[in-house]
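Working notes, beginning with the structure itself.
Residue numbers run from 1 in the order of the sequence given.
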Amino acid sequence: MAPTRIDRELDAQLSGCYAHWGGDVVHERDAEQFHTDLPALASAVVTRFSVGVGRCRVCGKRVQGRHAERPLRRARRGRGPDRPVAKGWVAWTHYGLGLSLTKCAVLAGRVGVPVTSGAMC
């Protein structure tokens with residue numbers, strides 16, 4: 001049964017001659033083969049924000065620029081992932097798959113989300 005969705009199409013062309021004997025090859029028909037595979041494990045997307053930092057001339061309070069995609073809180077060492085997708089994925093590996101926090105942290109690190117088991121807890 002042919003799949004309903006095809007992402008790529010490749011052609012395996014016939015050679016002009018049979019490699020073993022060197023005889024001419026006559027094309028008879030085209031056959032279909034389907035190969036389904038999983039994509040490589042997703043990797044984390046790292047975004048660098050250049051955040052403007054200044055100080056109010058009136059009160060001296062520190063202020064900084066904002067961006068819609070930037071988390072509002074400042075990142076600190078040892079903290080879990082700030083992004084919702086990363087948080088959900090890490091929680092799913094622990095609660096959904098039953099992996100220990102240490103194994104979840106190792107798995108998250110393999111896809112580029114550096115987090116400690118303590119931060120996940």
Side-chain angles (χ1 to χ4, degrees):
M1 186 165 127
T4 58
R5 187 183 100 215
I6 298 172
D7 297 311
R8 303 186 324 152
E9 291 189 29
L10 302 174
D11 292 324
Q13 297 292 328
L14 279 174
S15 171
C17 66
Y18 183 49
H20 189 69
W21 298 109
D24 291 337
V25 174
V26 177
H27 182 268
E28 294 177 352
R29 65 185 174 88
D30 289 326
E32 290 184 332
Q33 290 183 337
F34 297 94
H35 176 86
T36 304
D37 197 2
L38 295 173
L41 191 58
S43 61
V45 176
V46 178
T47 305
R48 178 182 177 265
F49 292 95
S50 180
V51 181
V53 178
R55 196 161 298 279
C56 175
R57 290 183 189 214
V58 177
C59 68
K61 184 176 178 179
R62 179 185 176 274
V63 292
Q64 64 184 30
R66 297 279 182 225
H67 189 280
E69 290 188 36
R70 186 174 153 262
L72 294 178
R73 64 183 183 195
R74 288 187 296 181
R76 290 195 309 258
R77 199 162 180 75
R79 192 175 248 180
D82 286 328
R83 305 305 293 176
V85 173
K87 282 182 179 179
W89 189 80
V90 165
W92 174 71
T93 58
H94 178 60
Y95 296 107
L97 298 179
L99 295 179
S100 69
L101 291 174
T102 301
K103 288 180 180 178
C104 292
V106 169
L107 187 59
R110 294 284 303 256
V111 296
V113 180
V115 63
T116 65
S117 57
M120 289 174 44
C121 186

Taking all heavy atoms of [X] and all of [Y], pick out the closest pair and write down the distance.
| X | Y | answer |
| --- | --- | --- |
| C104 | V90 | SG-O, 4.4 Å |
| R62 | R55 | N-NH1, 3.6 Å |
| H94 | L99 | ND1-O, 2.8 Å |
| A105 | S117 | CB-N, 3.8 Å |

Those residues that, when tested against R5, pass side-chain hydrogen bond (donor to acceptor under 3.5 Å, both in side chains) (two or more places apart):
D7
Applying side-chain contact (heavy atoms from CB on, under 4.5 Å), can you list everything that pairs with I6, at least two apart in sequence or on another chain?
E9, F34
Distance from L101 atom CG to T93 atom OG1, nearest 0.5 Å?
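So the CG of L101 and the OG1 of T93 are separated by 8.5 Å.
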Would W89 end up clustered with V106 when hydrophobic side chains under 4.5 Å apart are linked, directly or stepwise?
no
Transitively linked via ILVMFWY side-chain contacts under 4.5 Å: V115 with L97?
yes
